[in-house]
Protein chains: 2
Amino acid sequence: MPATSPAREKCRTCRLHSLCLPRELPQGDTSELARIVQTRRPMKRGTYVLQAGGHFQSIFAVRTGSVKTSTLLPSGDEHISGFHLPGEILGLDAIASRSHPSTSVTLETSHVCEIPFTELEHLSERIPALQRQLLRIMSRELSTEQSTTHLLARRSAEQRLAMVLLDFSQRFANRGLSARHFRLPMSRSDLANYLGLAPETMSRTFRRLEARGLLSIAGKAVVILDPIALAELVDGASGGS
Amino acid sequence: MPATSPAREKCRTCRLHSLCLPRELPQGDTSELARIVQTRRPMKRGTYVLQAGGHFQSIFAVRTGSVKTSTLLPSGDEHISGFHLPGEILGLDAIASRSHPSTSVTLETSHVCEIPFTELEHLSERIPALQRQLLRIMSRELSTEQSTTHLLARRSAEQRLAMVLLDFSQRFANRGLSARHFRLPMSRSDLANYLGLAPETMSRTFRRLEARGLLSIAGKAVVILDPIALAELVDGASGGS
DNA sequence: ACGCAATATTGACGAGGATCAAGGGAAAAG
DNA sequence: CTTTTCCCTTGATCCTCGTCAATATTGCGT
């Protein structure tokens, strides 16, 4: 069986090439990266990608499916800090402490690539473009995280929901999917948790936005009917009516 | 006057050495770093270190004083995303987009070091330890940002205040100052904004915690009287009485 | 296809915090 | 030292959202 060729191809032929680590890397360098990336069997829904407290060894890239990341608060309940779609990187928050501060679980059957961090660091010493891309990804992560913070500070349930829906709309669009029709991969209570709301409030807020004709929701299937009104809602403008 | 020696010394002799970029760098490499770092005249209270929308060119390190970072929401009001103490790095969230997503202003007379990013990147290609430290700092920033998110999600005014006070206590302690007596560098309304609360709620919450003997506050001067009870408050334990 | 369990909706109620409005005190300006 | 201004504090009221409880629905296993 061919030993090196398929391995060296796997990042280059990946659909997510331009969203993930290999972005803007020349072909030869992408092959070098691919050599250290470990692809694995698909993980079933509810499988741990990494666990809080566990020793940091690798970062992970979502290839297909979706992942949620959460931390268990001392009080016993969890707080979900994010959802990850294909092309996004997990585990970057563990570099400093050498141990994972949070836990990541698949929300559905998912493919995840493992990238051993020590090898990645060594590789990026030789490939400056890879180093730059790594910093870019972390920087982007930082801005994303800050937006999440804004999402939670002093915003109404409606605004929070509108924000997260537009965020998903954008992210699906970046992956070549529809910005208007999509399926939320997480449960209602997970979404509520992420937004800092009670599940009941989520439910009511969905119905209210639906009644105003801004969107339509059936189970996990969302249709964005009026993206402009949703955006105005987020901006705090009293746009409606 | 001596031309190179003082410049090459400035990071090595800086009190914040171990909190900042040079951490764990051998002396020679620290000198190389110091050569690209630009120290500047002290900035008066209210001076912009960097402005949202501005072209990204450098990252900044707080040397003395303190800085707040905020973004202006489309609705017109600002949201403060963080406060920065000596040794902390600003502007890392701009690497990806090449333009600053937020604005940073000094809260008091402050010294800030400017580190041109392109030069830092080149330097870190030659000095792997510097590259590692850069990644560590960004990773740490990422965890901090996540804690902030937890701070805001589903927590009462009391818990938020307790969290932020313990956070400052910790950070002051890391800088060799008292963990029990310190001076908050920002105004009440800035703190309230950061915590996603109305200033009035802040005020009342301070008084309530003071009445319970957990702390004492006079103007910006804080005394932590019962750090354990504060920590229990944060953890959601119904500790008191 | 059936039945059970987990998840989602809906309603009623109450609490925590925002808002509105006014008064007090500390820092800055003269 | 006095005056002004801004910020902080305090009080009263309203409203959003959390909580409790019951019902409906979906998804899962057999």
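In the text below, chain A, chain B and the rest are named by the order of the sequence lines, each starting its count at 1.
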*Excluding sequence neighbours, so at least two apart, what forms side chain to side chain contact (heavy atoms under 4.5 Å, CB included) with B/Arg140?*
A/Ala96, B/Ile137
*Provide the start and end nucleotides, 5' to 3', of the part of DNA chain C that has atoms under 4.0 Å from heavy atoms of chain B.*
C/dG17 to C/dC20
*What residues form a ring-ring contact (aromatic ring centres under 6.0 Å, His included) with B/Phe56, not counting sequence neighbours?*
B/His100, B/Phe117
*Note every stem involving DNA chain D: at least three consecutive Watson-Crick or G-U wobble pairs, i with j then i+1 with j-1, with both distances under 3.5 Å.*
C:1-22 with D:9-30, C:25-30 with D:1-6
*All side chain to side chain contact (heavy atoms under 4.5 Å, CB included) counterparts of A/Cys14, not counting sequence neighbours*: A/Leu16, A/Arg63
*asked:* Just so I know, are the side chains of B/Leu191 and B/Lys68 near enough to count as touching, which here means a heavy-atom distance under 4.5 Å?
replied: no
*salt bridge (charged side-chain N to carboxylate O under 4.0 Å, His left out) partners for A/Arg204, two or more places apart*: none
*Identify, with sequence neighbours excluded, every residue that meets side chain to side chain contact (heavy atoms under 4.5 Å, CB included) alongside A/Ser58.*
A/Phe60, A/Glu114, A/Pro116
Could you give the side-chain donor-acceptor pairs of residues 176-183 of chain B under 3.5 Å, partners two or more places apart or in another chain?
residue: B/Ser178; atom: OG; partner: B/Arg180; partner atom: N; Å: 3.0
residue: B/Ser178; atom: OG; partner: B/His181; partner atom: N; Å: 3.0
residue: B/Arg180; atom: NH2; partner: B/Leu225; partner atom: O; Å: 3.2

*If you look only at pairs with a residue in residues 198-234 of chain B, which of them pass as a ring pair (Phe, Tyr, Trp, His ring centres under 6.0 Å), with sequence neighbours excluded?*
none
*Got a sec, which residues hit salt bridge (charged side-chain N to carboxylate O under 4.0 Å, His left out) with A/Glu158, two or more places apart in sequence or on another chain?*
A/Arg208, A/Arg212
*Heavy atoms under 4.0 Å is the rule here; annotate nucleotides 5-16 of chain D 5' to 3' with B where the base is hit, S where only the sugar-phosphate is, and - elsewhere.*
---SSBBB----
*Non-neighbouring partners of A/Arg171 that pass side chain to side chain donor-acceptor pair (under 3.5 Å), sequence neighbours left out*: A/Glu88, A/Asp167
